[in-house]
Amino acid sequence: MILRLNQSSGIPLYLQLMEQVKHAVETGALRPGDQLPTIRKLAEDLVMNPNTVARAYRELEHEGIIELRHGSGAFVSELGGWKAAWKSNLTRKAQAIVQNAIDKLTASGLTAEEIRRLVENELAAVRDGKKLQGAEHE
Amino acid sequence: MSNLAIEVNGLRKSFKGKAALDGLDLRVPAGSIFGFLGRNGAGKTTTIKVLMGMLRSDVGTARVFGLDAGDPASSVAIRSRIGFVTEGKDLYPYMTVEQIIRFTRPFFPKWRDDLERRYLRMFDLPPNKKVSDLSKGMQSKLMLLLGICHSAELLILDEPTDGLDPAAVEDVLRELVALAAAEGTTIFFSSHQLTEVEQIADHICIINRGKAIVSGVLDDLKARYQRIQVVLPDDMPAGVRWVEGVASVRQDRRTVSILANGNADAIVAQAESIPGATVERFPVGLKEIFLEHVRSEDHALV
């Protein structure tokens, strides 16, 4: 597993670390039962704060991606592997759909930037739709 | 108080009627790597001098390990548990590297010979060279070695990477991280290198004109601050009343750029409720947080 963080992106480092571990599990770079580096080792390798590494590990454990075994370190859990396999299968299928849509839109003359904005607007609309549904339930 | 390495309340200090510290509050949790940020002259060094017992404050309290830094007796006890690293000018220029290590060692019963050997090798410090013949970077490394090797519970570093080249900066940062991870050492360092603070600090405080203007857990601050960009429809008047959480607003014709300090979801929702508005949100780095606060304070005071 090779990790790379962007310190000045504004995205909290513990979240970046969590995303990268999840990605490593999804791509199979990490498999269930694999051991993650110790907090100290990862902090030194990435030159980052050990408390931040510990926070990412705790959150990953909370989400069921990894297991923290007292005294022996952090391991990718069976559940984490299962979640990742499900997600990566889903992602593969979704990728085909998105690819297809982009091909059609590009053929009709839209630029990449225009497509990106369309997708973002639609995502924002979905988010608002959820908010409205939530309000109805209250 | 038990798990705070440093606790400062309402600290004031003036020099010739000019306030260097103007009611500073500071809480440094034990085991944290704490980045102390500010422009030149913001009060960083004055604060450190008060913590080290080298200056008495006019008003307020400064406690280190729960002990009063202003009291001469407890200041001695404090200093025996602190590693202090500042610019090389405090080193005796006529001594060689080896002499100054031999001179320093007896003051600290818990001196670590293993660390001494390791850092001498790693920093490539020539034992027989005089301090006055060392480059600024080499002097910084020597100070760091002296500060680290006596097993301090708290390291106070005043701009530890000043004058170092990028490779040496990375070496120093890695050693600080390793020290925090292996020994649980609390590290308090002042800097105006925002990138290195972003790299290793878990807590920060931004000081401006002798006051703490932003402080907290760095990742939480990054989650709280967001940039929200709104493009308004043609007929939108300027001067919208925004919901709580807006730290600053800039408007250039139809584009409004908002820095949110918390409550970003509500601000986005408000922006999206404007018919025809396009809303985007972006993460915000430490540099932007720093500049926004320091500049807006300066403008307010002019």
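Just so you know, these numbers come straight off a predicted model, no measurement behind them. Chain letters run A, B, ... following the sequence lines, proteins first, then strands; residues in each count from 1.
Taking 4.5 Å as the limit, every side-chain heavy atom of P50(A) sits out of range of all side-chain heavy atoms of D202(B).
Among E288(B), E170(B), R174(B), Q199(B), the residue with the largest count of heavy-atom pairs under 4.5 Å with chain A is Q199(B). If you tally non-hydrogen atom pairs under 4.5 Å between each of L13(A), L15(A), T52(A) and chain B, the highest count goes to L13(A). Across I39(A), T38(A), N51(A), the residue that shares the most heavy-atom pairs under 4.5 angstrom with chain B is N51(A). Top candidate by heavy-atom pairs under 4.5 Å with chain A, chosen from V279(B), D220(B), T195(B), is D220(B). In terms of non-hydrogen atom pairs under 4.5 Å with chain A, the most contact-rich of A201(B), A178(B), A223(B), S32(B) is A178(B). No other option in T278(B), L218(B), I200(B), I187(B) has as many heavy-atom pairs under 4.5 Å with chain A as I200(B).
Atoms CD and CZ, from E183(B) and R40(A) in turn, are 7.5 Å apart once rounded to the nearest 0.5 Å. The CD atom of E198(B) sits 12.0 Å away from atom CG of L5(A), with the distance rounded to the nearest 0.5 Å.
Looking at L286(B), neither its backbone nor its side chain comes within 4.5 Å of chain A, counting heavy atoms on both sides. Contacts of V217(B) with chain A are made by side-chain atoms alone, with heavy-atom separations under 4.5 Å and no backbone atom involved. Residue contact with chain B, scored on non-hydrogen atoms closer than 4.5 Å, involves the backbone and the side chain of E44(A) alike.
Within a 6.0 Å sphere centred on CD of E244(B), heavy atoms belonging to other residues, nucleotides or ligands number 12 at most. R31(A) CZ: 12 or fewer foreign heavy atoms inside a 6.0 Å radius. In H23(A), the NE2 atom is not crowded: 12 or fewer heavy atoms of neighbouring residues, nucleotides or ligands sit closer than 6.0 Å.
V177(B) and V47(A) get closest at one heavy-atom pair: CG2-C, 4.2 Å. The two residues K222(B) and Q7(A) come nearest to each other via the heavy atoms NZ-O, 3.0 Å. The nearest pair of heavy atoms linking P12(A) to D219(B) is CA-OD1, 3.3 Å.
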